[in-house]
Amino acid sequence: MSQDDDDDDPYAPLPPSQYRSDAPFGTPDRYATGWRRFMPRFLRNRSWWWWISRMVASVLFVFILLVAYLAITAPLNKSLQPIAPPQITLLAADGTPIARNGAVVDEPVQVADLPDHVIQPFLAIEDRRFYDHWGVDPRGIARAAFTGVGGGSTITQQLAKFTFLTSEQTLTRKAREALIAFWLEAWLTKDEILERYLSNAYFGDNMYGLRAASLHYFYRHPENLRPEQAAMLAGLLQAPSRLAPTRNPDLAAQRYSLVKNALVAAGYITQEQADAMAVPELDVRTVNDVPTGTYFADWALPFARENAEATYSRQTLTTTLDSRLQDAARRAIERAPLGSAQVALVAMRPNGEVVAMVGGRDYSESAFNRVTQARRQPGSTFKLFVYLAALRNGWSPDDVIDNTEFTAGSYRPGNHNGRYSETITLRDAFAQSSNVAAVRLFNAVGSEAVIETARDLGVTSPLATGDPSMALGTSTITLLELTAAYAAVAADSFPVEPHAFVREEESWLDWLTSGQGSFNRSDHADIEDMLRAAINSGTGRAATLSVANFGKTGTTQDNRDALFVGYAGEGENRLVVGVWVGNDDNSPLAGVTGGGVPARIWANFMRAALGAAAAPPQPTPSPDPSGPVQPQDVPKLDDIPLGDGTRLIIRDGEAIIVSDIDGVGVEASIRDGGVSLEVDEEAAKEAARRRLEEELRREAEPAG
């Protein structure tokens, strides 16, 4: 028999590959050819019902996994929380409102309390079959596509989107939106979904939720809205910012007409009733006379949000800001001959309570906070850490160090005044801000000891190990961070954390476990001795006060930054203040040094601040956020330089001539034909004392 005859023989034995491995020996495999041959042998002879049952089980398993995932990543209680941070009003310590920020959110609505004519416009224009679908409505999508009336997404989908998801337009996000919508429908009633939707939806003008919107636009609660008012509000949801009637009344009126047509098409009202519904008149009574931000408020608000409850209620929080001291800071900067330079000032108590903050010349022109956001070189103010590290390692203010010019090595810093000597005491080196002495002292104590001291005092900015230029303040730092380090010296406790809200006094046990440190008594006395010398006989003489004062000047290379940081006062009145002057583009200043303009700003603020602190207490105003507001940042002024440090300021119809005569600040005010003269009495006494000492010294000198 030929080979061809063997192939056609039905009784010929099958090759081994065509027998089923899961059947008794000798059972042939019907699917040894075709697409099933690629499957394992034990699956080739399964029935269609077997496959369908397994697929259904797999889908259910995946669905259960997705529901579990949503329960973790998108908990139901999230739909009960406001989708935007509620409004917070910040008050100064005396109750003066200083800033109001955040969304206007009010109490949630209850569907059972709302009239039908309030609910129907939202259903007609947004989701006509809301009570009939399971979260996704294909018919509604088709109707919206062909008629342009109604949204493609259901109310449930919209709740899922603005509660759990972002606004990105991707298929993945739409798929998650639909899945969450099914999940919401399974766990919540229709009325609960509608309540959460109406309580969180955005209505424009920073209004979130139906209650806030109805009070804002019509000054009535949603339970009392008239049909035309409810229809107007329902129309805003498509594009709240663009359709807000306070901004675009014509667009809002056009949308209102579409809502009326939708009400007729849904059978809620007749055409005659729709024609009788006129465009409602607005009744907007809420006027925000409090700024949305100031330098201090922008810094304090994140801390307020951290401690605020997740609630629909508006909140009012009292800060540590002192409105009198803030005004003193504003006036001290206003009087300074800054030219085109920028300026920053921060004042705090030794415990870190920030009582005044000016982050620039004009918040309305630049909200960039140069106290908290700008990282600049601190210059010689950084020498505090170098000399304090030396004191902690056994040096004393009377020890001497080489003060000669560097003539060898790759790094050769020089003294700003070009003066050198064989040796100099640490006290005089600190007071005169000798750069060569500071670098040699840095090398003697080691960069690790300097960095450790800076870290102890709360400095967190990067500091390069082994870089001798760090001794001269080449590592960048914020003014807030630097001033807090000086506050640690003033408090004899470190580190000091700047804060905007009053903190509860620590118990003895809390203090014991807080990790706070303090200085050796001798080291603290020595560093204060050196800080006092820097003002009274060193580079900071322009900041001298009639009370005990401590501070340090700082000027960076090419006069790009000029600083003065120090403290004065006693007990509860002690203030720690940092002042910075410079250009945002880091260009050089025209001859400005830390001992010049910054020191004078510091002294002018301190004189006003300490005088204000000693004045009789003023009546505390009511902490009513709607009360009068005192400007907390430097306003725009007509400021005209007249030469020789004299300036003319025009403010509120008053002409003020500001000058400095022999270090004494003088203000002459002209208003309504009258002239008033204001002299800095403390500065005048100090100038007279200095002149007397100078005359006595000259008389005591031998002739010839």
Side-chain angles (χ1 to χ4, degrees), residues 85-102 104 206 285-305 307-308 313-335 344-349 351-364 367 369 371-372 480 498-503 569 572-573 575-577 604-637 651-652 654:
Q87 189 177 81
I88 289 181
T89 299
L90 298 180
L91 308 179
D94 64 356
T96 303
I98 58 176
R100 181 172 291 140
N101 191 283
V104 180
N206 204 32
R285 304 187 188 185
T286 54
V287 178
N288 187 11
D289 56 355
V290 180
T292 58
T294 66
Y295 292 116
F296 177 84
D298 290 351
W299 171 69
L301 194 62
F303 301 104
R305 294 289 183 201
N307 299 322
S313 302
R314 307 176 193 182
Q315 300 182 62
T316 299
L317 302 177
T318 301
T319 69
T320 59
L321 190 79
D322 189 311
S323 58
R324 292 180 300 170
L325 298 182
Q326 181 70 19
D327 185 62
R330 178 181 62 83
R331 291 178 64 84
I333 289 175
E334 185 179 297
R335 294 170 55 181
L345 182 151
V346 60
M348 65 180 69
R349 304 288 183 195
N351 63 359
E353 291 182 357
V354 176
V355 294
M357 180 182 290
V358 179
R361 298 183 64 169
D362 192 335
Y363 180 86
S364 64
N369 194 333
V371 171
T372 63
L480 184 67
H499 50 276
F501 300 94
V502 176
R503 296 178 175 176
E572 295 181 355
N573 294 331
L575 291 174
V576 188
V577 180
N604 287 334
F605 169 78
M606 279 297 195
R607 291 181 187 119
L610 298 178
Q618 300 294 323
T620 301
S622 171
D624 180 6
S626 63
V629 182
Q630 186 173 7
Q632 299 297 312
D633 288 299
V634 181
K636 292 182 178 179
L637 301 172
R651 182 179 64 227
D652 299 330
E654 182 180 17

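These numbers come from the heavy atoms of this one structure, side chains and all, not from hydrogens, waters or symmetry mates. Fair warning: this is a prediction, and the values are worked out from it, not measured in the lab.
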Quiz item: When you look at Val502 and Thr318, which way does the side-chain contact (heavy atoms from CB on, under 4.5 Å) test go after all the steps?
Solution: CA-CA 8 Å; Val502 176; Thr318 301; over 6 Å; no
Where [X] and [Y] come nearest, the two heavy atoms and their spacing:
X: Ala500; Y: Phe296; value: CB-CZ, 3.7 Å
X: Val354; Y: Thr320; value: O-OG1, 2.5 Å
X: Ala304; Y: Leu317; value: CB-CD1, 3.6 Å
X: His499; Y: Asn351; value: CE1-O, 3.0 Å
X: Gly102; Y: Asn206; value: O-ND2, 2.8 Å

[atom2] on [Y] to [atom1] on [X], rounded to 0.5 Å:
X: Phe605; Y: Leu325; atom1: CZ; atom2: CG; value: 5.0 Å
X: Arg100; Y: Thr89; atom1: CZ; atom2: OG1; value: 4.0 Å
X: Met348; Y: Leu480; atom1: CE; atom2: CG; value: 5.0 Å
X: Thr319; Y: Trp299; atom1: OG1; atom2: CH2; value: 9.5 Å
X: Glu353; Y: Asp322; atom1: CD; atom2: CG; value: 10.5 Å

Quiz item: Can you check side-chain contact (heavy atoms from CB on, under 4.5 Å) on Arg349 and Leu575, steps first, answer last?
Solution: CA-CA 5 Å; Arg349 304 288 183 195; Leu575 291 174; 3.2 Å; yes
Quiz item: Looking at residues at least two apart in the chain, or sitting in another chain, which of them share a side-chain hydrogen bond (donor to acceptor under 3.5 Å, both in side chains) with Asp298?
Solution: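 side-chain hydrogen bond (donor to acceptor under 3.5 Å, both in side chains) list for Asp298, sorted by chain: Tyr363.
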Quiz prompt | Carboxylate-amine/guanidinium contact Arg330 Asp327, below 4.0 Å | solution =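 The answer is yes: the pair qualifies as a salt bridge.
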Practice problem: Run the numbers on Glu334 and Asn604 for side-chain contact (heavy atoms from CB on, under 4.5 Å), then give the verdict. | Solution: CA-CA 11 Å; Glu334 185 179 297; Asn604 287 334; over 6 Å; no
Quiz item: Does Ala297 have any side-chain contact (heavy atoms from CB on, under 4.5 Å) partners at least two apart in sequence or in another chain, and if so, which?
Solution: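 side-chain contact (heavy atoms from CB on, under 4.5 Å) check on Ala297 returns Leu90, Ala99, Thr294.
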Self-check item: Verdict with supporting geometry, Gln326 and Ile98, side-chain contact (heavy atoms from CB on, under 4.5 Å)
Solution: CA-CA 11 Å; Gln326 181 70 19; Ile98 58 176; over 6 Å; no
